Structures are given as structure tokens and as C-alpha cells.
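One structure is given below, encoded as C-alpha cells.
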Amino acid sequence: MPKVHFVIVIIASLLATSFANAPMKPRFAIAIHGGAGTILKSQIAPEQDALYRQKLAEAVEAGYAILERGGTSLDAVQAVVERLEDDSLFNAGKGAVFNSDGKVELDASIMDGQTLKAGAVAGVHHVKNPIRLARAVMEQSEHVFLIGEGAERFAKERGIELVDESYFFTEARWRSLQKAKAKESLTEKEKHGTVGAVALDQFGNLAAATSTGGMTNKKFGRIGDSPIIGAGTYADNETCAISATGHGEYFIRAVVAHDVAALMRYKRLSLKDATNEVVMNKLAKLGGTGGLVAIDRNANIAMPFNTEGMYRASKVEGGKTFVAIYKEEQR
Ligand code: ASP
């Protein structure tokens, strides 16, 4: 073989082995949360702890399965949130907390990172799965945000399931309301909570979804950050997808979800640095407690919170299911 050919063959085979050994970039991933707060290991019974972990694992795996078979990130985040809305353990849908009138007022939003389209609903009392309605607002109306009676009329027109208010009654949430009214101190779980998911699909598209019952004993008509695009939910393929949870008033004032995206876009911060800056610095300085789940287009995941715990789970292509509750469980 002429010398030059020999050299080419050597270089080609070296390149081939280094490509073969290079770790493959994950093409899809998902991260979810079920609320943040003063969640201490010492205060949670082992059975409760196990139940939360099981539900979180099932939900994240259901979303992952959709992504694995080539489904979209929008479908994955919606499916996860619907599942958690149907579970009375979490403060969204079926398990929503009561406002000061003893009613549920549900808020939800969804955003498509590819088109920057978004849909949101707030203050609905009869919609079984508010996230489904938010998706319909995004895809089947020329609007972004519908509230109360109008949102429910739109749900009816679109054939989205409405239920009697009694569907949302749970003994535990009713007791929390009575405690709040009697000015007894509530655990974080009794006070609030939210569910949310962010995902990257095989097409490189990001999406985020969030749904909540808000805060126990909230004033009638109060809307938190969860349905507000840029506060509780945001997705943009160029930066990240975010779903937040915590004391909504602060998240609105700190414009949490969009702020993370803005730090990435304008200051070129990494997902990790941008989420830390907003949650641990800006939000914390304001007195805002809570956290968020975030993902970028390279399947990096960040799940920072400035409270004792956050119910959270994630799964990246080819990786193991990660589920955690307390601060000491790192990710
Ligand atoms: N962010 C929600 C709200 O303020 C509550 C929560 O996430 O715990 O309505």
C-alpha cells in the first residue's frame, strides 16, 4: 500500500473508534414535579414516602414511554400532568385544595417550545383535567388564556369532560381548609402543591405543562403563577422548558420561568446556572419559596428548589429513572 493510503486508513480507523466510544447524546428526556415545600423526611411516614415515589416513578415512566416511541414532548407533558391530576395525592385536578369559599379553583397552562404557542386556564371548578383544556385553548382557539365561566363554556363546546364539584371533594383537603380557617398551622403539603412536567422529544422540541389547585384558603378569584406563561410555565426550543412550583405570588413577581430562559438567551448562561440564579438568588431574596424543573435541548435537566424538599423525578434516554423528595437526595 502506498504510504499516503496507509496513513489515511490509520486516521479513518482512529476516527471510527473514537466516534464509536463517544457517549451518544440523549435524544429525549423528561422531568416532572409534584410540588415543593417544607418536606422533611422526619415528618413523612415511610408508607407515604414510598407511595409518593411510586406515583412519581409511574408518571415519569409514562411520559418517557411516549417519548421513546416517537411521541411529542407536548403529548408527554400533557399525559404526565393528566395522570397526576387524576391522583388525589397531588394538589391538582382530583386532589386540589379548597379556597376560602370551600370551592376548588383550578389553574393550568401548557407551552410548545417549537412554535411558542401557549394555552392557559384559570379559576375553573368543573373541568376534570384542566391541562387538557389548556391544550385546547392553545390549539383550538385564537387566544392564550381563558378564565372561569368562559373557559368552562369553551370546554363544553370542545367536548372536554366536565364534572360535578363533588368530584373534587377529598376529606384531607377539607380538613386542611378547616385548619387554615382556625388559624392552625398547616404543613406545606396541606398549604399548597402543584404538578408539572417538561420534556424534550426526538424531534428536538421542548414543551412544559403545569396544573394546580393553588393555595389552601386562597381568596376566591386568586390566580397563582401556574397558569401564567413566563411565571409558572415557559418553553422555547432555543433555551429551555420550565415548570415551577411554590408560593405563586412571588413567582409572578420574579417572572421565574421566563427569567431562566432570558438568562440563557441573553447572558448565555447554562441551564444549571440560570435556574440556580433565579431560584436560589433572585426568588429567595424576594422571600419566595419553591422550585422548578427545567430541561434544555441537549437533554440537560435541572431541578433546583430553595425549600426542604420537592417531589421530583426524571428520566433521560438510556438512563435510569430518578425519583427524589428531600434536599439531601442530589440531582
Ligand atoms: N404555585 C402554586 C400557586 O401559587 C402553588 C404551588 O406550586 O405550590 O398557585
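We use all heavy atoms of the structure for the numbers below, so side chains are in, but hydrogens, waters and symmetry mates are not. Counting starts at 1 for both ligands and their atoms, following the listed order. Note that the structure is predicted; figures quoted are calculated from it, not measured.
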Between T233 and S243, a side-chain donor and acceptor under 3.5 Å: no
Nearest-neighbour protein heavy atom for atom 6 (C) of ligand 1, which is reported as residue plus atom name and distance: T194 OG1, 3.0 Å
Basic-acidic side-chain contact under 4.0 Å: E82, R132: yes
Under 3.5 Å donor-acceptor, R173 side chain and G95 backbone: yes
Numbering as shown, the atoms of ligand 1 that approach S226 to under 4.0 Å (heavy-atom distance): 1 (N), 2 (C)
Lys/Arg N to Asp/Glu carboxylate O, K117 vs D112, below 4.0 Å: no
Distance (rounded to the nearest 0.5 Å) between I30 CD1 and T321 OG1: 11.0 Å
Ionic contact status for D49 with R53, cut-off 4.0 Å: yes
Test of proximity, G246 against ligand 1: N or O pairs below 3.5 Å: yes
Heavy atom of the protein closest to atom 9 (O) of ligand 1 (residue, atom name, distance): R222 NH1, 2.8 Å
Nitrogen or oxygen of G248 less than 3.5 angstrom from that of ligand 1: yes
A244, portion touching ligand 1 at heavy-atom distance under 4.0 Å: neither
salt_bridge(E85, K94) N-O dist < 4.0 Å: no
Identity and separation of the nearest protein heavy atom to atom 8 (O) of ligand 1: H192 ND1, 2.5 Å
From CA spacing to verdict: side-chain hydrogen bond (donor to acceptor under 3.5 Å, both in side chains), N129, D86: CA-CA 8 Å; N129 291 106; D86 291 342; 3.1 Å; yes
Backbone or side-chain N or O of G193 under 3.5 Å from ligand 1 N or O: yes
G232 heavy atom under 4.0 Å from ligand 1: no
Within-cut-off N or O pair, T245 and ligand 1, under 3.5 Å: yes
D225 N/O under 3.5 Å from ligand 1 N/O: yes
